[in-house]
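So you know, we letter chains A, B, ... as the sequences are listed, proteins then strands, and number each from 1.
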Amino acid sequence: MEIAIAWLPRLLVAAVLTIALSAVIFTLSAAVGLLLSLVHYGREKSLPRAGIEAFSAFFRSVPELVVLFLFFFGGPQIGVDFGPIGSTIIAFTLVGIAFDYQVFKGALKAIPFGQYEAGLALGLPKPVVFLRVLVPQILPLARKGWITYAIGTVKRMSIASAVSVSEILYVTKQGIAATNAPFTFLTLAVGLYILIVTPLLVFNERKPKQAVAR
Amino acid sequence: MNILLDPTYQRMLLDGLGMTLLISVIVIIVSNLLALPLAIYMQRPDGAFRRLIIAYSFFARAAPVLALLFALYYGLPRLGIYLEPVPSALIGLIFASTAYNLEFLRSGFESVPQGQLDAARALGLKPFAIYWKVMIPQAYRLAAPSLFSNAIQMVKGSSLASLVAIDELTAASTTIIAETYKAIEVLLVVSVFYLLIAAVIIGLQYLYESRQRLSRR
């Protein structure tokens, strides 16, 4: 118990880092994933879309740890040192974009293409059709998949401990090495992850306030 | 690229690939076999172990897989249980994977309309027949995409075993990188291996789904 109290401040700092990194990665991947899902809308067979699909397939199939190593070890090889935190953000954001793109693409499929055509026929500029017609409808549809992925992002942060990012699991490992009390530390660590994730879980289970306007 | 022509490194990568395949196949098969009876049990509204299963499922899905692996790797010896690294990692990965498969199957079962159950009972089908002929085929049809994508997640999850002393594909790559400093070449080759495994799983999914479409005609 004394061990736990002595290490709690360090674990809390690690938890804050975990939350901050997750938030950055979550926001970037959602924004870029959404943008990519709108590229060549209605022309899914076009070359740019094939490129995006290949990108998405690669980053969804290769383990996050390998992607992380690719930037962490591969960066210095070509003369760019991303550092532990930089590599983590780049690697997990790319993986996040690959997943979020699929989530938003799926949501977009549920909206009749005629809405887009009608918008253009009314003389609305394309960005307005996207921002005022499509995006407001995609977001509620995509919410569930998107938040499920966000929960994964928090848990996935534990993998960054492999490149010495001092997030929760890294500090936990240090604690285990210093005190030889694995269960105390892992209980604390898992408790912290659950604490961070629970609000997202609760939010995800809630029914959306309004149905999608048709 | 010449380091990849070195037979020693080729051997290491292929051994690593073998271990990754072994771990993935065991985890995928066992977690699917365990999830089905649990999901069926959860269909009983009065089951005594319902809460236990719900708590297990929540915990296994909320805790990071790597934390589970560490708990087994560092924790079990403290309890006087000495497992080899491979079985210990298998337990951790199966523990996590079963919870996801259980949830996918559970929602598959729940989406079978109650009317079908009533009709099956009215026809005098035994509980076993109700599951085998009515519930299971429909639940799997609905859960299949999620079960297949969880299988890919587990192949990716097996890379975390490299952090608890298992010489699988990712571990082989870090060893070679430490000796040669050729990170990009080695990691791209390793990525291609993982892509191929994922491609095989996606291929199996298409096969399953096209057979489903044929049998529904």
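- Taking a cutoff of 4.0 Å between a charged side-chain nitrogen and a carboxylate oxygen, A:K105 and A:E53 qualify as a salt bridge.
- Because its NZ or CZ atom is both nearer than 6.0 Å to the ring centre of A:F203 and within 45° of the ring axis, A:R143 counts as a cation-pi partner of that residue.
- The only member of A:L188, A:T198, A:V154 that meets side-chain contact (heavy atoms from CB on, under 4.5 Å) when paired with A:Y193 is A:V154.
- Using a 4.5 Å cut-off between heavy atoms, B:S158 makes no contact with chain A at all.
- Looking at A:R156, neither its backbone nor its side chain comes within 4.5 Å of chain B, counting heavy atoms on both sides.
- For chain B, no part of A:I196 is nearby; none of its heavy atoms comes within less than 4.5 Å.
- Contacts of A:T172 with chain B are absent, with no heavy-atom separation under 4.5 Å from either backbone or side chain.
- Residue-environment remark: CG (B:D167) stays at or below the threshold of 12 foreign heavy atoms within 6.0 Å.
- When the candidates B:L169, B:I184, B:L188 are compared by the number of heavy-atom contacts under 4.5 Å with chain A, B:I184 comes out ahead.
- Within the 4.5 angstrom heavy-atom criterion, no atom of B:S149 approaches chain A.
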Per-pair distances, 0.1 Å, donor-acceptor, side chain in residues 14-24 of chain A, under 3.5 Å, sequence neighbours excluded:
unit_1 : atom_1 : unit_2 : atom_2 : d
A:T18  : OG1    : A:A14  : O      : 2.8
A:T18  : OG1    : A:I168 : N      : 3.4
A:S22  : OG     : A:T18  : O      : 2.6

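- Residue B:L163 touches chain A through its side chain alone, counting heavy-atom pairs closer than 4.5 Å.
- Interface residue A:F69: backbone and side-chain heavy atoms are both found under 4.5 Å from chain B.
- Counting heavy-atom pairs closer than 4.5 Å to chain B, the top residue among A:L169, A:V197, A:I194 is A:L169.
- The side-chain heavy atoms of B:M135 and B:I40, taken from C-beta on, include no pair separated by under 4.5 Å.
- Aromatic ring pairs are classed by plane angle as parallel below 30°, tilted from 30° to 60° and perpendicular above 60°; the pair B:Y56 and B:F95 is perpendicular.
- No more than 12 heavy atoms of other residues, nucleotides or ligands sit less than 6.0 Å from atom NZ of A:K109.
- Contacts of A:F58 with chain B are made by both backbone and side-chain atoms, with heavy-atom separations under 4.5 Å.
- Interface remark: B:Y181 contributes backbone atoms only to the contact with chain A (heavy atom separation under 4.5 Å).
- Of the listed residues A:I151, A:V66, A:I159, A:I176, the one with more heavy-atom pairs under 4.5 angstrom with chain B than any other is A:V66.
- Heavy atoms of B:F193 lying under 4.5 Å from chain A are absent altogether.
- Looking at A:L70, the atoms closer than 4.5 Å to chain B (heavy atoms on both sides) sit in the backbone and in the side chain alike.
- Within 6.0 Å of atom CZ in B:R11, 12 or fewer heavy atoms from other residues, nucleotides or ligands are found, so the atom counts as exposed in its surroundings.
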